[in-house]
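The next block holds one structure in the form of structure tokens; read it before the comments.
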Amino acid sequence: MRRLAMRFRGILRGTDVQKLDQWLHDAERSWLYGIRRFARTLRQDLAAVRNAITEAWSNGQTEGQINRLKTLNDPCMAAPVSLCYALE
């Protein structure tokens with residue numbers, strides 16, 4: 001599993017879309033259900049995945065800021081579960 005995950009990470013950080021096809025082929029034949037399911041999910045919007053590989057920009061910074069704001073605004077997101085239940 002680690003090898004497939006690291007290959008996928010390398011594909012996302014690179015620009016070679018052809019490697020994605022081989023990775024999907026290998027992932028769909030993996031004995032790990034989670035990897036096979038992930039590969040099927042990627043195929044559902046393959047154009048977006050290909051664009052993520054070839055385009056230089058990302059919305060990761062924006063998503064990170066949104067998650068940070070959610071954490072600041074919702075005390076249950078930053079608190080332990082037991083404390084969160086006490087607040088309700």
In short, Arg36 meets Ala27 closest at the heavy-atom pair CG-O, 3.4 Å

To the nearest 0.5 Å, atom NE2 of His25 lies from atom OG of Ser30 at 12.0 Å

CG (Leu24) and CZ (Arg29) are apart, to the nearest 0.5 Å, by 10.0 Å

> Among the clusters formed by ILVMFWY side chains lying less than 4.5 Å apart, do Tyr33 and Ile35 turn up in the same one?
Replying inline: no

Residue set satisfying salt bridge (charged side-chain N to carboxylate O under 4.0 Å, His left out) with Arg50, at least two apart, ordered chain then number -> Asp21

If you count heavy atoms of other groups shown closer than 6.0 angstrom to CZ of Arg40, is the number above 12? yes

The reported gap from CD1 in Ile53 to CD in Gln18 (rounded to nearest 0.5 angstrom) is 10.0 Å

Residue set satisfying side-chain contact (heavy atoms from CB on, under 4.5 Å) with Phe8, at least two apart, ordered chain then number -> Leu12, Leu20, Trp23, Phe38, Leu42

Here the gap from Arg7 atom CZ to Gln22 atom CD, rounded to the nearest 0.5 Å, amounts to 6.0 Å

The side-chain contact (heavy atoms from CB on, under 4.5 Å) partner of Val17 among Leu46, Val49, Ile11, Thr54 is Thr54

Contacts of Arg68 meeting side-chain contact (heavy atoms from CB on, under 4.5 Å) (sequence neighbours excluded), chain-then-number -> Gln65, Leu72

